[in-house]
A.B. asks: 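Let me begin by handing over the structure; questions about it come next.
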Amino acid sequence: MNQSLGTGTLHILNKAPGHPRFIACLSALSGQDSLVLIEDAVLALPDTDTALPEHTVALELDLDARGLSGAAKTDQKISHQQLVQLTEQHPRIISW
Amino acid sequence: MTTLIVIDQAPYGSWAGREALDMVFSLAAFDQPAALLFMGNGVNWLRTAQNAKGIGQKTVEKNLSAAPLFGVEKIFAEHEACKRFMPDTNSRLADIELVASVKDLITRYDHVVFAG
Amino acid sequence: MTDSPARNNEGFLEDASRWNPEVADEIASESDISLSENHWEIIKFLRTFYAEHEMSPPSNRLFVKAVREALGDEKGNSIYLMQLFPGTPAKTACRIAGLPRPTNCL
């Protein structure tokens, strides 16, 4: 996982691209924030219409389910346990 | 009477698409001409190498592969959405007919039903 | 027979991994079915179908269609399957084959 995570807000997004909440989440991100894609939101990775921030990770099991194991770099994939760690490291969390 | 069932939602996130699949299988069971169209986020149903075991669901790619055996006439996909989500044609299921115009396709069916 | 795997109120296995040919014989005998080569052909077909499609044929009609597609008209017809698996053939056959209950069979 990216070492620079942990200074800004952690955004946990589970909506598919195009969903109002998906759009709202991406426009709410600022410089130091981190984004975790889970469930439907992992489709943002192959989506050529979506530009993701640098600090983006995705739940590996949700990627596997959707045939997207190859769509993310190894250090972009996280387990449920790593997600829990991320929530502990960030003082502020938004679940979209 | 011909029926087109349209799935425009991402797989796994809701039950809507599975219900639609059930509907198209039921039509085929009674030999009613039926086809499926995947558009928008729905085209993500058509990606290869899915494995939903880890999230405790059945893999929709495998469920969908029963459609031709049951007599579902055709599986269509919106070309634009495929290019958007699966630009690499190797990552799409085979035997899918790409459609340039959803509007033209839906006018060819007596009944068009959207999932969810 | 000392350790029969758990089954639900309709006789389907709770844990699919507990299935084996002896379990199939045991479930079949409850319906007074003695498994022949013809039964086993359908059971093997169903298990392969499940492995490929992650579902049992959802209804009796689709069960018949799927058998017809794989094994031809002679076997893919409701009379033949009804003789092998009395009651609702899809349900009876899936129960014996250790697969989930077909979703649309009442």
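The chains referred to below are lettered A, B, ... by the order of the sequence lines, with proteins before strands, and numbering in each begins at 1.
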A.B. asks: Quick one: CG on B:Asn51 to CG on A:Leu61, what's the gap to the nearest 0.5 Å?
C.D. replies: 9.5 Å
A.B. asks: Please round to the nearest 0.5 Å and tell me the distance separating atom CG of A:Asp40 and atom CG of B:Asn41.
C.D. replies: 7.5 Å
A.B. asks: Count the heavy atoms of every other residue, nucleotide or ligand shown that sit under 6.0 Å from CD of A:Gln76, and state whether that count exceeds 12.
C.D. replies: yes
A.B. asks: Only heavy atoms, only distances under 4.5 angstrom. Which residues in residues 84-116 of chain B are near chain A?
C.D. replies: B:Arg84, B:Phe85, B:Pro87
A.B. asks: With a 4.5 Å cut-off on heavy-atom pairs, point out which of A:Asp47, A:Asn14, A:Leu45, A:Thr48 contacts chain B the most.
C.D. replies: A:Asp47
A.B. asks: Looking at CD1 of B:Ile55 and CG of A:Leu59, how far apart are the two atoms once the value is rounded to the nearest 0.5 Å?
C.D. replies: 10.5 Å
A.B. asks: Under a 4.5 Å heavy-atom cut-off, does chain A meet the side chain of B:Lys83, its backbone, both or neither?
C.D. replies: backbone
A.B. asks: Which of the residues A:Gly18, A:Gly67, A:Pro17, A:Ala65 is involved in the greatest number of heavy-atom pairs with chain B at under 4.5 angstrom?
C.D. replies: A:Ala65
A.B. asks: Between A:Arg66 and B:Gln50, which heavy-atom pair has the shortest distance, and what is it?
C.D. replies: C-CG, 3.7 Å
